[in-house]
Student: 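Here's a structure for you.
The structure displayed is predicted, hence computed values, not measured ones. What you see below is based on every heavy atom in this structure, not just the backbone, and it leaves out hydrogens, waters and symmetry mates.
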2 protein chains.
Amino acid sequence: MIKVLVIEDHEEIRDLISYNLSKENCETICFDNANEGLIHLENNDVDIILLDLMLPGLKGMQFLQIVRNNKKFSGVPIIIISAKNTEQDIINGLEMGADDYLTKPFSIKILIAKINAILRRNPAIKSKVISINGINIDTGNYTVTVDGEDVSLTNKEYELLLMLLKHPKRVFTRNQILNAVWGYESDVYTRTVDTHVSSLRKKLGDKGSFIKSVPKIGYRADI
Amino acid sequence: MIKVLVIEDHEEIRDLISYNLSKENCETICFDNANEGLIHLENNDVDIILLDLMLPGLKGMQFLQIVRNNKKFSGVPIIIISAKNTEQDIINGLEMGADDYLTKPFSIKILIAKINAILRRNPAIKSKVISINGINIDTGNYTVTVDGEDVSLTNKEYELLLMLLKHPKRVFTRNQILNAVWGYESDVYTRTVDTHVSSLRKKLGDKGSFIKSVPKIGYRADI
DNA sequence: AACTAATGTCAAAGAAATGTAAAATTATTG
DNA sequence: CAATAATTTTACATTTCTTTGACATTAGTT
């Protein structure tokens, strides 16, 4: 069952979405404001968010920003559904981190197809444990252990480790790492990645050596 | 550099996309038909595909189907850009495996924002493997194996091997190799190529002997 | 066979990229 | 608002890669 969080202040639209998604193996939870939506998100599993922009109280774009800046939620896909339909509105929404943007009035069937297209690619990342060669990452509570010992990582170190270990052996360029961990519009010097690799290796101790540099390209988890 | 494959039969639209994406850290390769696009995809790294539907010869939807049914490519995101704008067209496109659907006329800025939104989620692009006579090159990961054994190559050695094996039997002059591997404006002595051929042969062991020198001309992969 | 011209190879010199500690800056928290 | 932690930059050390030049070897020519 796909869990859809709907944040939309018009009742008719909420009902329309709710009714139609219920026929598509979806469970919808609706709120007419973003504050409550955020609270729900904090306390429940959500697979995808449908977000209106013009809301009373906390605005849609603020909600988007909060969610995208929180590593706990940043993986949850968001589709904006809004009456704001200028080119700039759409670009802003996408650049702020939305995965798609539908302008009102919208086709419910297209919405469903888009939800499926997005989820097809992002099988909801549930709390799970990645465990390789003595290194354990519990993505549910953001903890890492090495040979059973807790290791305290900073946010960036954690995200970097996760990225590398999600695809062992795969080479990531410094720019790919920057995009994924720092965000696509960060203007950070690529050597910053090196610094974080260095401190990550140090914190991982003996095991840290699995992070190999690939000259002229980037890094990989050789594990 | 993001590699964008554009399949679109209208020259003006190809040019528009090409010109604008070139300013966004993208390298576009365009074809006016899907057959050639497919051949390109088979032989090159592609990060994302922009696909028109109404094409001469192989139709866009057939192309989509072929790509999605091929494990090798199924990870490559596809955005359909089409004049077919009915609800059913869009739903079909998305259900067939497209990641997004833009109707013509479209905003180039929105296209760019959508490409970024999609790639933000999929940093890990499936890599292409070249495999000849026991030599395997994983072009996404910059790894090479010979008879299953990992062989560690430097960047120049890797690029050189890749160039030779992309076109087996074909002779490359030292200057062609310099241009392709070292870049047009490098002022390196042509004998440097020989040195790299030498160390490459050595690292490839017995298999290394497939790199034949062609007296007075250059080298080729005789394989 | 001797000569010429090209390619093969090695090791030292040079260039470039990465590693890392520590300082500077920025965010977070009490 | 101070204190603390995290992040980014800087600067220098270290490692690795690249290029060169010398000499060896091979192949082709006369």
Student: For Leu153(B) and dT18(D), what is the distance between atoms CG and P respectively, to the nearest whole Å?
Tutor: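 From Leu153(B) CG to dT18(D) P: 10 Å.
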
Student: What is the separation between atom OH on Tyr142(B) and atom C1' on dA17(C), rounded to the nearest whole Å?
Tutor: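 Rounding to the nearest Å, OH of Tyr142(B) and C1' of dA17(C) are 16 Å apart.
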
Student: Phosphate oxygens OP1/OP2 of dT18(D): is one of them under 4.0 Å from a side-chain N or O of Thr154(B)?
Tutor: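 Yes, such a contact exists.
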
Student: When the distance from CG of Leu200(B) to P of dC10(C) is rounded to whole Å, what number comes out?
Tutor: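 Taking atom P of dC10(C) as the reference, CG of Leu200(B) is at 14 Å.
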
Student: To the nearest Å, how far apart are Asp194(A) CG and dA21(C) C1'?
Tutor: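 Distance check: Asp194(A) CG to dA21(C) C1' gives 14 Å.
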
Student: So, is His196(B) close to the dT19(D) phosphate, meaning a side-chain N or O under 4.0 Å from OP1 or OP2?
Tutor: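 Checking dT19(D) against His196(B), a side-chain N or O does come within under 4.0 Å of OP1 or OP2.
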
Student: Verify the contact: side-chain N or O of Thr192(B) to OP1 or OP2 of dT19(D), cut-off strictly under 4.0 Å; return yes or no.
Tutor: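 No, no such contact exists.
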
Student: Using whole Å, what does the distance between atom C1' of nucleotide dT18(D) and atom CG of Asn155(B) come to?
Tutor: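 About 11 Å, once rounded to whole Å.
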
Student: Decide, yes or no, whether a salt bridge links Arg174(A) with Asp194(A) under the criterion of side-chain N to carboxylate O below 4.0 Å.
Tutor: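 Yes, Arg174(A) and Asp194(A) are salt-bridged.
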
Student: Take the protein atom CD1 of Ile177(B) and the nucleotide atom P of dT7(C), then report the distance between them rounded to whole Å.
Tutor: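 Atom CD1 in Ile177(B) sits about 11 Å away from atom P in dT7(C).
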
Student: For the pair Glu8(A) and Lys104(A), find out whether any cationic side-chain nitrogen is under 4.0 Å from an anionic carboxylate oxygen.
Tutor: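 Counted as a salt bridge, because a side-chain N and a carboxylate O are separated by less than 4.0 Å.
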
Student: Once rounded to the nearest 0.5 Å, what's the spacing between atom OH of Tyr101(B) and atom CD1 of Ile81(B)?
Tutor: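 Rounded to the nearest 0.5 Å, the OH-CD1 separation comes out at 10.5 Å.
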
Student: So Tyr189(A), base contact, sugar-phosphate only, or nothing? Heavy-atom distance under 4.0 Å.
Tutor: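 Base, at least one base heavy atom under 4.0 Å.
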
Student: Could you give the distance from CG (Leu38(B)) to CD1 (Ile49(B)), rounded to the nearest 0.5 Å?
Tutor: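 If I round to the nearest 0.5 Å, the distance is 8.5 Å.
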
Student: Contact class for Thr195(B) vs. all strands (heavy atom < 4.0 Å): base, sugar-phosphate, or nothing?
Tutor: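 Counting heavy atoms under 4.0 Å across all strands, the contact made by Thr195(B) includes a base.
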
Student: Looking only at side-chain N and O atoms, does Trp182(B) come under 4.0 Å of OP1 or OP2 in dT18(D)?
Tutor: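 Looking at the OP1 and OP2 atoms of dT18(D), neither is under 4.0 Å from any side-chain N or O of Trp182(B).
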
Student: Where the side chain of Ser213(B) is concerned, which of dG8(C), dA21(C), dT20(D) is the nearest nucleotide?
Tutor: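 Among dG8(C), dA21(C), dT20(D), the one nearest the side chain of Ser213(B) is dG8(C).
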
Student: Take atom NZ of Lys203(A) and atom C1' of dT7(D), then tell me their distance rounded to the nearest Å.
Tutor: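 Those two atoms, NZ and C1', are 11 Å apart.
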
Student: Name the closest nucleotide to the Tyr219(B) side chain, picking from dT20(D), dG8(C), dG19(C).
Tutor: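 For Tyr219(B), the side-chain atoms sit closest to dG8(C).
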
Student: Output yes when at least one side-chain N/O atom of Arg201(A) is less than 4.0 Å from OP1 or OP2 of dG19(C), else no.
Tutor: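 True: Arg201(A) side-chain N/O within range (under 4.0 Å) of dG19(C) OP1/OP2.
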
Student: What is the distance from NZ of Lys216(A) to C1' of dT16(D), rounded to the nearest Å?
Tutor: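 Rounding to the nearest Å, NZ of Lys216(A) and C1' of dT16(D) are 12 Å apart.
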
Student: Between the main-chain N or O of Ser152(B) and the side-chain N or O of Lys203(B), is there a donor-acceptor pair closer than 3.5 Å?
Tutor: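 Checked: pair present.
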
Student: Looking at Lys114(A) and Asp99(A), is any side-chain nitrogen of the basic one under 4.0 Å from a carboxylate oxygen of the acidic one?
Tutor: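 Not counted as a salt bridge, because no side-chain N and carboxylate O are separated by less than 4.0 Å.
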
Student: With nearest nucleotide decided by heavy atoms, which residue, Lys156(A) or Pro215(B), maps closer to the 5′ end of DNA chain D?
Tutor: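 With Lys156(A) and Pro215(B) compared, the 5'-side residue is Lys156(A).
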
Student: Hey, does the side chain of Arg191(B) come within less than 4.0 Å of dA22(D)'s phosphate (OP1/OP2), counting only N and O?
Tutor: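 Answer is no, no contact under 4.0 Å.
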
Student: Below 4.0 angstrom from OP1 or OP2 of dG19(C), is there any side-chain N or O of Lys202(A)?
Tutor: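 Result: no.
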
Student: Among dA21(C), dT19(D), dT18(C), which nucleotide has an atom closest to any side-chain atom of Arg174(A)?
Tutor: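 Looking only at heavy atoms from C-beta outward on Arg174(A), the closest nucleotide is dT18(C).
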
